[in-house]
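Note that the numbering runs from 1 along the sequence shown for the chain. Predicted model, so just to flag it, every value in this text is computed and none were measured.
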Amino acid sequence: MYNILILEDDPMVRSINEKYVAHFMGLQEHRLIATGDSQEALGVVNKQKIDLILLDIYMPYMSGLEFLQKMAEENINSQIIMMTAASDSEKIKDAIDYGVLDYLIKPFSYKRFEIAMNRFINYKTMVNSQKDFSQQQLDRLFYFEDKHTSDLELPKGLSRYSLSKIETAISDAKENFSIQDIVHLTKLSRISVKKYLDYLVKESILTVEMKYLKIGRPIYVYRKKS
């Protein structure tokens, strides 16, 4: 489960961001805390582990950059996605220097928000599932592009969160892989994994064929379409 904090002082924008998060996460278990008070948010991150903070810069009493400074001073290591109207180079530079994961300038589209969230999920999935990385995996982490599925309308019952986990696992899998390979990498159920793999086959992102074994039932073998 991911703990997500939204720090945004505008109630209407905060409500929209809450809906964006809920839509992206779908049925996946998560805990969302939303506030417009920097001091309250600082208390939250000091008391519990927060995986992701969606952070504005322009706020009363304590700006988003001052909030990042406080986090650094107290060694709080949550991932940060800036979501702000601040577009000047000085503030962008300061945010990057604090190590933010992504920077979205208002107004932004849901699609751009989705790319930022996919970057977060991609990062968490990778660092939680293995100790060593190849250059190709790091390139995908630092230069992430959702080339295949960001423009697709997902059928009912599929979530962007799970699809992102599946795609990360596919990238880490062998050239040919089975449902069980992806189950092992994602910890999702076999039924769920098959549903997402079938969807990717339907969208011509994967190919599938049946492989007959010497012993036991045949298995479906999937492959990334070149």
Side-chain angles (χ1 to χ4, degrees), residues 2-25 30-128 133 135 137-146 150 160-161 164 168:
Y2 293 126
N3 291 323
I4 301 172
L5 171 65
I6 297 173
L7 182 47
E8 164 63 63
D9 67 309
D10 186 316
M12 185 177 72
V13 175
R14 188 165 65 244
S15 176
I16 292 171
N17 292 344
E18 289 182 69
K19 291 174 182 176
Y20 275 10
V21 171
H23 183 68
F24 178 86
M25 297 300 289
H30 66 284
R31 181 166 179 258
L32 179 61
I33 304 168
T35 180
D37 187 320
S38 299
Q39 291 291 350
E40 180 184 348
L42 200 58
V44 169
V45 298
N46 273 297
K47 290 177 182 176
Q48 58 186 281
K49 184 181 185 302
I50 298 296
D51 299 289
L52 175 65
I53 301 174
L54 307 179
L55 181 62
D56 191 13
I57 285 182
Y58 297 125
M59 290 182 298
Y61 310 117
M62 183 190 301
S63 73
L65 294 175
E66 291 171 328
F67 185 84
L68 289 175
Q69 183 178 355
K70 288 284 188 182
M71 287 182 60
E73 290 171 356
E74 299 178 26
N75 294 315
I76 299 168
N77 297 315
S78 307
Q79 293 300 307
I80 308 290
I81 297 175
M82 303 303 299
M83 299 167 59
T84 178
S87 59
D88 60 283
S89 61
E90 183 177 351
K91 289 185 178 63
I92 292 172
K93 176 184 179 299
D94 287 345
I96 292 173
D97 287 345
Y98 279 117
V100 301
L101 185 68
D102 208 338
Y103 195 111
L104 279 61
I105 297 175
K106 299 175 183 175
F108 51 83
S109 65
Y110 175 77
K111 180 180 176 182
R112 182 61 183 87
F113 170 81
E114 190 175 80
I115 290 172
M117 289 296 290
N118 277 331
R119 179 171 285 140
F120 165 72
I121 296 299
N122 190 42
Y123 163 76
K124 295 294 284 188
T125 301
M126 287 177 64
V127 299
N128 289 338
F133 300 93
Q135 185 63 57
Q137 289 171 320
L138 289 176
D139 288 346
R140 189 173 67 253
L141 178 61
F142 284 100
Y143 305 102
F144 178 79
E145 292 181 16
D146 194 1
S150 62
R160 291 287 179 189
Y161 171 87
S164 182
T168 299

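Side-chain contact between K70 and E73 is present, with at least one heavy-atom pair separated by less than 4.5 Å. Put simply, the side chain of Y98 does not reach to within 4.5 Å of the side chain of I80, judged on heavy atoms. By the 4.5 Å heavy-atom criterion applied to side chains, D9 and Y58 are not counted as neighbours.
Residue E74 holds its CD atom at 5.0 Å from CG of L42, rounded to the nearest 0.5 Å. Atom OH of residue Y110 and atom NE2 of residue H23 lie 4.0 Å apart, to the nearest 0.5 angstrom. L101 contributes atom CG, which lies 5.5 Å from atom CD1 of I81 (distance to the nearest 0.5 angstrom). Between N17 atom CG and I4 atom CD1 the span is 11.5 Å, to the nearest 0.5 Å. Here OH of Y161 is found 8.0 Å from CZ of F120. Values are rounded to the nearest 0.5 Å. Within the model, atoms CZ of R112 and CE of M83 stand 10.5 Å from one another, a figure rounded to the nearest 0.5 Å.
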Determine, stepwise, if the pair Y61 / E66 fulfils side-chain contact (heavy atoms from CB on, under 4.5 Å). CA-CA 10 Å; Y61 310 117; E66 291 171 328; over 6 Å; no
Verdict with reasoning, E8 to L54, per side-chain contact (heavy atoms from CB on, under 4.5 Å): CA-CA 8 Å; E8 164 63 63; L54 307 179; over 6 Å; no
May I have the step-by-step check of side-chain contact (heavy atoms from CB on, under 4.5 Å) for N46 and I76, ending in yes or no? CA-CA 8 Å; N46 273 297; I76 299 168; 3.8 Å; yes
Quick one, I57 with Y103, criterion side-chain contact (heavy atoms from CB on, under 4.5 Å). Give me CA distance, side-chain angles, the key distance, then yes/no. CA-CA 11 Å; I57 285 182; Y103 195 111; 3.5 Å; yes
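Relative orientation of the Y20 and F113 rings is tilted, given thresholds of 30° and 60° on the angle between their planes.
A donor-acceptor contact shorter than 3.5 Å links the side chain of D51 to the backbone of N3. No donor-acceptor distance shorter than 3.5 angstrom exists from the side chain of T35 to the backbone of A41, with no hydrogens or angles considered. Distance alone, capped at 3.5 Å, is enough to place a donor-acceptor pair between the T168 side chain and the S164 backbone. Panel note: side chain S38, backbone M62; a donor-acceptor pair is recorded below 3.5 Å.
Between L5 and the choices L32, L52, V45, the side-chain contact (heavy atoms from CB on, under 4.5 Å) rule is met once, by V45.
Heavy atoms of other residues, nucleotides or ligands lying less than 6.0 angstrom from NZ of K19 number 12 at most.
Looking at R14 and D56, no side-chain N of the basic residue comes within less than 4.0 Å of a carboxylate O on the acidic one, giving no salt bridge.
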